[in-house]
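Inspection log for the structure reproduced underneath, given as structure tokens.
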Amino acid sequence: KATKLAVENADSSLLPAAYANMGDLYKQKGRLKEALHYLTLGIGLHQEYGDSTDLSIMFHNLSEVYDSLKDYKKAYEFAT
């Protein structure tokens with residue numbers, strides 16, 4: 001709902017955190033492709049609107065998702 005509201009209201013500053021939360025939720029549910037999608041969107045928007053705490057969490061979550069997908073090279077890239 002938060003993402004839908006942010007898009008409808010053109011409030012791009014809320015989108016990185018919303019995407020980070022959605023990515024984390026999908027990661028927890030084992031829906032790794034969706035997690036990857038939303039975390040990647042969050043990182044892409046983060047450069048313009050996010051804070052460093054959100055970015056650190058998104059990188060950590062992306063590392064875990066890539067590890068679960070057995071893409072160890074990308075997992076390492078996001079872990080460091």
Side-chain angles (χ1 to χ4, degrees):
K1 290 181 181 180
T3 304
K4 181 180 177 186
L5 288 172
V7 170
E8 287 174 357
N9 294 309
D11 190 352
S12 299
S13 64
L14 295 176
L15 285 174
Y19 286 148
N21 290 334
M22 290 173 65
D24 186 46
L25 177 65
Y26 281 122
K27 180 180 71 91
Q28 290 176 20
K29 292 184 173 266
R31 295 173 58 179
L32 302 177
K33 301 256 184 205
E34 289 99 335
L36 186 62
H37 172 75
Y38 285 108
L39 291 168
T40 302
L41 285 173
I43 286 175
L45 289 174
H46 177 272
Q47 293 175 339
E48 194 169 344
Y49 298 106
D51 68 37
S52 60
T53 303
D54 287 341
L55 185 61
S56 175
I57 292 168
M58 284 187 278
F59 270 66
H60 173 79
N61 285 338
L62 268 173
S63 177
E64 288 185 347
V65 169
Y66 279 119
D67 184 64
S68 295
L69 292 170
K70 300 187 182 348
D71 187 339
Y72 302 117
K73 182 178 179 185
K74 286 205 179 224
Y76 178 77
E77 288 174 18
F78 284 102
T80 56

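Here L55 contributes atom CG and H60 contributes atom NE2; the two are 13.5 Å apart, rounded to the nearest 0.5 Å. Rounding to the nearest 0.5 angstrom, the gap separating the NZ atom in K29 from the CG atom in D24 is 11.5 Å. M22 CE to R31 CZ: the interatomic distance, rounded to the nearest 0.5 Å, is 9.5 Å. Summarising the geometry, atom NE2 belonging to H37 is positioned 14.5 Å from atom CG belonging to L32; distances are rounded to the nearest 0.5 Å. One finds the NZ atom of K73 at 12.0 Å from the OH atom of Y66 (value rounded to the nearest 0.5 Å). From L39, atom CG reaches atom CZ of F59 across 10.5 Å, with rounding to the nearest 0.5 Å.
With S63 contributing its side chain and F78 its backbone, the two residues share no donor-acceptor pair below 3.5 Å. Put simply, the side chain of S68 gets close to the backbone of E64: a donor and an acceptor are under 3.5 Å apart.
For G23 against A35, the heavy-atom pair with the smallest separation is O-CB, 3.3 Å.
At least one side-chain heavy atom of Y72 sits less than 4.5 Å from a side-chain heavy atom of D67. The shortest side-chain heavy-atom distance between L69 and V65 falls under the 4.5 Å cut-off.
Screening L41, T40, I43 against Y19 for a side chain to side chain contact (heavy atoms under 4.5 Å, CB included) leaves a single residue, L41.
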inquiry  = With side-chain contact (heavy atoms from CB on, under 4.5 Å) as the criterion, how do I57 and N61 come out once you've worked through the C-alpha distance, each side chain's angles and the decisive distance to 0.1 Å?
reply    = CA-CA 6 Å; I57 292 168; N61 285 338; 3.7 Å; yes
